[in-house]
Amino acid sequence: QVQLQESGGGSVHAGGSLRLSCTGFRYASRSPCMGWFRQVPGKEREGVAFIYSGGGITPGGATDYADSVKGRFVISQDDSKTNLYLQMNSLEPEDTAMYYCAAGVRPFKGGNTCTRSEYEYEYWGQGTQVTVSS
């Protein structure tokens, strides 16, 4: 197995921005699906943003977002696909959670999309805390 590593979490006021990073993909280079999840104590883990980059003709990847973050969060990769990012803008107190990055082959279910099910992702980071105050 390969362990991913997140960074960039912190504390911000509502309306602020944070940029999360995830590295470790050079050892998971066959993973066409990558994504970000978040979890609050006492609640189920929630899929936030996903990117499919398995096709050579689409190196930038195709993205998918949870309704709660559409228009505010942007998932992306660098050109080398070594790093995964989550740009979070217009943060709200409801965004407060532990954020995890994930990757895998099983999440690819066809087309240009990846499943939002956490159980299909093989590689995980330890998480980075994001706290948004009102």
Side-chain angles (χ1 to χ4, degrees):
Q1 69 278 13
V2 177
Q3 183 181 44
L4 306 177
Q5 184 172 4
E6 306 93 340
S7 62
S11 299
V12 298
H13 294 294
S17 299
L18 284 173
R19 186 176 180 86
L20 306 184
S21 299
C22 179
T23 187
F25 297 104
R26 73 186 319 110
Y27 299 107
S29 60
R30 293 187 178 184
S31 299
C33 291
M34 302 178 186
W36 291 92
F37 294 80
R38 65 186 182 186
Q39 187 169 28
V40 176
K43 296 184 179 180
E44 296 182 351
R45 187 167 296 184
E46 174 190 19
V48 175
F50 304 88
I51 185 168
Y52 170 76
S53 58
I57 62 174
T58 56
T63 60
D64 181 47
Y65 299 90
D67 289 340
S68 59
V69 305
K70 285 183 178 179
R72 299 189 297 118
F73 290 9
V74 179
I75 187 172
S76 63
Q77 298 172 305
D78 57 12
D79 292 339
S80 67
K81 299 184 179 181
T82 302
N83 302 296
L84 178 71
Y85 304 99
L86 184 67
Q87 178 66 46
M88 304 185 294
N89 301 316
S90 301
L91 283 163
E92 305 168 352
E94 292 75 18
D95 296 316
T96 296
M98 183 72 73
Y99 283 72
Y100 302 88
C101 64
V105 176
R106 297 197 305 267
F108 177 63
K109 302 299 182 181
N112 297 323
T113 62
C114 301
T115 182
R116 298 181 181 183
S117 175
E118 62 175 304
Y119 304 107
E120 296 299 312
Y121 286 82
E122 299 100 311
Y123 308 106
W124 290 87
Q126 298 182 57
T128 184
Q129 179 67 39
V130 171
T131 301
V132 184
S133 60
S134 61

Practice task
Could you list all the salt bridge (charged side-chain N to carboxylate O under 4.0 Å, His left out) pairs where at least one residue sits in residues 123-134, not counting sequence neighbours?
Solution key: none

Practice task
Kindly indicate whether the side chain of Arg19, heavy atoms from C-beta on, has any atom under 4.5 Å from the side chain of Leu86.
Solution key: no

Practice task
Taking side-chain contact (heavy atoms from CB on, under 4.5 Å) as the test, write out the residues that go with Ser7, two or more places apart.
Solution key: Ser21

Completion exercise
Hits for side-chain contact (heavy atoms from CB on, under 4.5 Å) against Arg72, two or more places apart or cross-chain, chain-then-number order -> Val69, Ser90, Glu92, Asp95

Practice task
Give every residue pair that meets the ring pair (Phe, Tyr, Trp, His ring centres under 6.0 Å) criterion with at least one member in residues 78-111, sequence neighbours excluded.
Solution key: Tyr52-Phe108

Completion exercise
Applied to residues 124-134, the salt bridge (charged side-chain N to carboxylate O under 4.0 Å, His left out) test, sequence neighbours excluded, yields none

Just distance, no hydrogens or angles: give the donor-acceptor pairs under 3.5 Å from side chains in residues 43-51, sequence neighbours left out.
from, atom 1, to, atom 2, distance (Å)
Arg45, NE, Gln39, OE1, 3.2
Arg45, NH2, Gln39, OE1, 3.1
Glu46, OE1, Arg38, NE, 2.9
Glu46, OE1, Arg38, NH2, 3.4
Glu46, OE2, Ser68, OG, 3.4

Practice task
Find the distance between CD (Gln87) and OG (Ser17) and round it off to the nearest 0.5 Å.
Solution key: 5.5 Å

Completion exercise
Hits for side-chain contact (heavy atoms from CB on, under 4.5 Å) against Val12, two or more places apart or cross-chain, chain-then-number order -> Leu18, Leu91, Val132

Practice task
Compare every heavy atom of Pro32 with every heavy atom of Val105, then report the nearest pair and how far apart it is.
Solution key: CA-CD, 3.6 Å

Problem - Residues in side chain to side chain donor-acceptor pair (under 3.5 Å) contact with Thr23, at least two apart in sequence or another chain - result: Asn83

Practice task
Please confirm whether the backbone N or O of Ile75 pairs with a side-chain atom of Tyr65, one donor and one acceptor, at under 3.5 Å?
Solution key: yes

Exercise for the section: Return each pair, listed once, that meets disulfide bond (SG atoms under 2.5 Å apart) where at least one residue sits in residues 86-118; pairs must be two or more places apart or across chains. Expected result: Cys22-Cys101, Cys33-Cys114

Exercise for the section: Would you name the heavy atoms of Ala14 and Ser134 that are closest together and state the gap between them? Expected result: CB-CA, 4.3 Å

Exercise for the section: Looking only at non-hydrogen atoms, find the nearest pair between Ser76 and Leu84 and report the distance. Expected result: O-CD1, 3.4 Å

Problem - Note, Leu20 side chain near Val130 side chain (heavy atom, < 4.5 Å) - result: yes

Exercise for the section: Please name all residues satisfying side chain to side chain donor-acceptor pair (under 3.5 Å) with Asp64, sequence neighbours left out, ordered by chain then number. Expected result: Arg116

Practice task
List the steps, then state whether side-chain contact (heavy atoms from CB on, under 4.5 Å) holds for Trp36 with Glu6.
Solution key: CA-CA 10 Å; Trp36 291 92; Glu6 306 93 340; 3.8 Å; yes

Practice task
Grab the two heavy atoms, one from Gly35 and one from Tyr121, that are nearest each other, plus how far apart they are.
Solution key: N-CE2, 4.4 Å

Handout entry: Any residue meeting side-chain contact (heavy atoms from CB on, under 4.5 Å) with Thr131, in chain and number order, not counting sequence neighbours
Key = Ser11, Thr96, Gln129

Exercise for the section: With the side chain counted from C-beta on, respond yes when Glu118 and Trp124 share a heavy-atom pair under 4.5 Å apart, and no when they do not. Expected result: yes

Practice task
Sorted by first residue and then second, give each salt bridge (charged side-chain N to carboxylate O under 4.0 Å, His left out) pair with at least one member in residues 96-106; sequence neighbours left out.
Solution key: Arg106-Glu120, Arg106-Glu122

